[in-house]
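All remarks here apply to the structure that follows.
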Amino acid sequence: MPAITYEIIHQDKNTNARAGILHTPHGSFLTPIFMPVGTKATVKGVSPEELKDLGARIVLSNTYHLFLRPGAELVREAGGLHKFMHWDGGILTDSGGFQVFSLGELRKIKEEGVTFRSHIDGSKQFLSPEVSMEVQMALGADIVMAFDECIPYPADYEYAKESTARTARWARRSKDAMTANNQGLFGIVQGGMYEDLRRQSAKELVEMDFPGYAVGGLSVGEPKELMYEMLQVSTSELPENKARYLMGVGTPDYFIESVMRGIDMFDCVFPTRVARNGMAMTHTGRIVIKNACYEHDHNVLEENCDCYACRNGYTRSYIRHLFRSDEMFGLRLLTLHNLRFLQIFMKEMREVILEDKFLEFRTNFYVNNPNLQPKQ
RNA sequence: GCGGCUUUGGUGAAGCGGUUAACACAUCGGAUUGUGGCUCCGACACGCGUGGGUUCGAUCCCCACAAGUCGCC
């Protein structure tokens, strides 16, 4: 029995949206699902107990960061990442590939791997499929990601083609190096913004037979419509009976459009990062809490929300005050709210899929958020 | 009462005769999508204490007044 399996519970009649269950060694989770990001073995400002209370079941953590500090060996010594961070739910670790992309200047990509300078102390470091797998085995996450290259946007065809081919070779090497039987390795579809490369990338990965597939290299600055098109192309080549994970996407409109195209899993820093910068997410759009219009607004962030902040009556006026005063409780209130909001949003999507009402849900969403409607 | 110094936006201030009055904070907006935790990007003085004067031209020079501040009696 493989560590990670996926089963479809219901396929929406009108779209490619599906409701399912992702089985892992640390529990079985209903999809579509959102994974909060805990880069350095913690979701900033939120305890694992609070995460569980707000409905999170699986979190993402980061190979790159944990590799640099505290190091794979320390986590292994602690008994793995679950024990180290005191989280008994699911964990997915990113491979470090994205950091190679976002580090930009400080790196050099070769066939064998990537040399780069640590953002912490400037020391020279090396990551490759083999090193990434070794670290990810030490961390012991339920789902581990293949070491890939996230192609910047825009990128010319030749570069995208070369990079995508290398990512495929790295996926093969990742698979060969991943020998743990209690962890499942996902391959990552790349291909830039080129339909043929996307298809080819997906096909090659499917031949290698992973327990799940991610779509990477999207939401890197391209127009929304182009992203949806590339996503559609990517998922159309993936098998139905495996989980599909769209990496790095985290706003409601993207969720809807992606689930509609067959995505089951998401992770994103957006809800937690913007919370720290004073933004609350709601069913009717964004609240920039520092705006003057909330000075005398003694309502909660969103009516009928059962997050910690709203349920206990913390008002917009008060949270605005906390942010203007640089009080850390404000960050926590918005972080808890945003994470709960996404859990609620995922639950709503699961329910409408089960009732074959996904399209109505989508239409209704755009009525409430007309500015987010994609161009035809 | 006498003498010195100071007076630029909400705040701290740069500029000291010549095109759009620097910068920072605050304020007001916007951004943020496989996370470098207080980030990034915009906007924001039609005016330089008040009134005169000199000059082609004055925040900048001169005079008077006002306010603040320090010292002396």
Side-chain angles (χ1 to χ4, degrees), chain A residues 34-46 58-66 68-69 91-104 106 116-122 132 136 141 143-153 167 186-190 212-222 224 227 231 245-255 257-258 263 265-281 285-295 320 322-332 334-335 338 342 371-372:
Chain A
F34 176 77
M35 305 179 281
V37 176
T39 303
K40 295 184 270 190
T42 175
V43 177
K44 296 184 195 306
V46 185
I58 172 168
V59 300
L60 178 146
S61 198
N62 203 283
T63 297
Y64 168 83
H65 297 268
L66 296 176
L68 294 180
R69 187 164 60 196
I91 299 179
L92 178 152
T93 44
D94 190 13
S95 64
F98 185 75
Q99 276 59 46
V100 169
F101 157 80
S102 62
L103 272 169
L106 302 170
F116 59 93
R117 295 208 167 270
S118 159
H119 71 272
I120 296 173
D121 61 7
S132 178
Q136 292 193 77
I143 299 174
V144 308
M145 300 306 298
F147 190 72
D148 69 331
E149 184 196 348
C150 181
I151 300 168
Y153 176 81
T167 286
F186 280 25
I188 305 175
V189 179
Q190 290 291 345
Y213 298 91
V215 180
L218 294 181
S219 198
V220 288
E222 75 281 12
K224 238 179 228 192
M227 182 215 155
L231 181 60
Y245 160 34
L246 176 56
M247 308 188 77
V249 158
T251 55
D253 52 331
Y254 279 24
F255 290 150
E257 297 302 320
S258 304
I263 292 294
M265 304 165 62
F266 301 91
D267 82 281
C268 196
V269 304
F270 189 87
T272 41
R273 177 185 288 165
V274 299
R276 274 179 264 121
N277 288 321
M279 185 192 291
M281 305 170 78
R286 303 168 172 191
I287 293 177
V288 178
I289 202 65
K290 285 206 274 191
N291 285 5
C293 59
Y294 301 117
E295 183 179 0
R320 175 179 133 93
L322 292 177
F323 266 86
R324 286 161 53 89
S325 308
D326 287 322
E327 285 293 342
M328 66 177 100
F329 190 42
L331 313 188
R332 268 177 47 73
L334 288 194
T335 298
N338 283 354
L342 292 193
N371 54 320
L372 298 178

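Predicted model, so just to flag it, every value in this text is computed and none were measured. Residue numbering restarts at 1 for every chain, and letters A, B, ... go by the order of the sequence lines. Excluded from the calculations below are hydrogen atoms, water molecules and symmetry mates; all remaining heavy atoms, backbone and side chain alike, are included.
Residues that satisfy the side chain to side chain contact (heavy atoms under 4.5 Å, CB included) test with V274(A), not counting sequence neighbours, are F270(A), M279(A), N338(A). Annotation: side-chain hydrogen bond (donor to acceptor under 3.5 Å, both in side chains) contacts of Y245(A) (sequence neighbours excluded): D267(A). In this structure K224(A) satisfies the salt bridge (Lys or Arg N to Asp or Glu O under 4.0 Å) test together with D253(A), sequence neighbours excluded. Qualifying side chain to side chain contact (heavy atoms under 4.5 Å, CB included) partners for R69(A), counting only residues two or more places apart in sequence or in other chains: I120(A). Partners of D94(A) under the side-chain hydrogen bond (donor to acceptor under 3.5 Å, both in side chains) rule, at least two apart in sequence or in another chain, do not exist in this structure. Listed by chain and residue number, S118(A), S123(A) satisfy the side-chain hydrogen bond (donor to acceptor under 3.5 Å, both in side chains) test with D121(A) (two or more places apart in sequence, or in another chain). Remark: Q136(A) engages T93(A), S132(A) in a side-chain hydrogen bond (donor to acceptor under 3.5 Å, both in side chains) (not counting sequence neighbours).
Residue contacts for Q190(A): at a heavy-atom cut-off of 4.0 Å it reaches a base atom on one of the strands shown. Using a 4.0 Å heavy-atom distance criterion, D326(A) is classed as a base contact. Residue contacts shown for N62(A) are limited to sugar-phosphate atoms, with no base heavy atom under 4.0 Å away. Contacts of L246(A) with the nucleic acid, taken as non-hydrogen atoms under 4.0 Å apart, are absent. Heavy atoms of G38(A) sit nowhere under 4.0 angstrom from any nucleic acid atom. No contact: I120(A) has no heavy atom under 4.0 Å from any strand. Residue M279(A) is classed as a base contact, given a heavy-atom separation below 4.0 Å to a base. Residue contacts shown for G217(A) include a base, since a base heavy atom lies under 4.0 Å away.
Between the side chain of R117(A) and the main chain of G122(A), a donor-acceptor pair closer than 3.5 Å is present. Put simply, the side chain of N62(A) gets close to the backbone of Y64(A): a donor and an acceptor are under 3.5 Å apart. A distance-only check finds no donor-acceptor pair linking the side chain of S258(A) to the backbone of F255(A) [under 3.5 Å]. In terms of modelled atom types and a separation under 3.5 Å, the side chain of T167(A) and the main chain of E149(A) share a donor-acceptor contact. Judged by distance alone, with hydrogens and angles left aside, the side-chain atoms of S325(A) form no donor-acceptor pair with the main-chain N or O of E327(A) at under 3.5 Å. Within the 3.5 Å criterion, the main-chain N or O of G45(A) finds a donor-acceptor partner in the side chain of R332(A).
Nucleotides G47(B) and U59(B), compared at atom P, are 12 Å apart to the nearest Å. When the P atom is compared between G4(B) and C65(B), the two are found 13 Å apart, to the nearest whole Å. For the P atoms, the distance from C48(B) to C61(B) is 15 Å, rounded to whole Å. Spacing of C1' atoms, U7(B) relative to A14(B), comes out at 15 Å, to the nearest Å. Taking the C1' atom of each, U50(B) and A66(B) are spaced 7 Å apart, rounded to whole Å. Distance noted for atom P between A13(B) and U69(B): 15 Å (whole Å). Going from the P atom of C46(B) to that of G53(B) covers 24 Å, rounded to whole Å. Look at the P atom in both G34(B) and C25(B): the space between them is 28 Å, to the nearest Å.
A close approach under 4.0 Å does occur between a side-chain nitrogen or oxygen of K40(A) and OP1 or OP2 of G37(B). A close approach under 4.0 Å does occur between a side-chain nitrogen or oxygen of R324(A) and OP1 or OP2 of C28(B). When the side-chain nitrogen and oxygen atoms of R276(A) are compared with OP1 and OP2 of A31(B), none of them lie within a distance under 4.0 Å. At U35(B), one or more side-chain N or O atoms of Q99(A) fall inside 4.0 Å of OP1 or OP2 (strictly under the cut-off).
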For RNA chain B, the dot-bracket notation using Watson-Crick and G-U wobble pairs below 3.5 Å, [ ] for pseudoknot-type crossings and | for other-strand pairs, is ((((((((.[[[..)..(....]]].(((((.......))))).....[[[[[..)....]]]]]))))))).
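Residues L331(A) and D94(A) both approach RNA chain B. Their nearest nucleotides, taken by heavy-atom distance, put D94(A) toward the 5′ side. Positionally, the nearest nucleotide of RNA chain B for N291(A) lies more toward the 5' end than for the other of N291(A) and C150(A).
When rounded to the nearest whole Å, the span between CD1 of I287(A) and P of G29(B) equals 14 Å. Atom pair E222(A):CD and G34(B):C1' shows a separation of 13 Å (rounding to whole Å applied). Distance, F255(A) CZ to G34(B) C1': 13 Å, rounded to whole Å. Here the P atom of nucleotide C38(B) and the CG atom of L334(A) are 17 Å apart, to the nearest Å. Atom pair K290(A):NZ and A26(B):P shows a separation of 8 Å (rounding to whole Å applied). One atom, CG of L92(A), and another, P of U35(B), lie 11 Å apart when rounded to the nearest Å. Atom CG of D121(A) and atom P of G36(B) are 16 Å apart (whole Å). In this entry the distance linking CZ of F323(A) with P of G30(B) reads 15 Å, nearest Å.
Contact of E327(A) with G37(B) (side chain to base): no donor-acceptor pair of N or O atoms is detected under 3.5 Å. Side-chain atoms of N277(A) and base atoms of G37(B) include no donor and acceptor less than 3.5 Å apart. For U35(B), its base never sits under 3.5 Å from the side chain of S102(A) at any donor and acceptor pair. For U32(B), its base never sits under 3.5 Å from the side chain of R286(A) at any donor and acceptor pair.
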If you restrict it to nitrogen or oxygen atoms, what contacts under 3.5 Å exist between nucleotides 42-44 of chain B and the protein, and what is each distance?
none

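Closest contact between the side chain of F270(A) and the listed nucleotides U35(B), U32(B), G37(B) involves U32(B). For I188(A), whose side chain is taken as the heavy atoms from C-beta onward, the closest listed nucleotide among C28(B), U32(B), G34(B) is G34(B).
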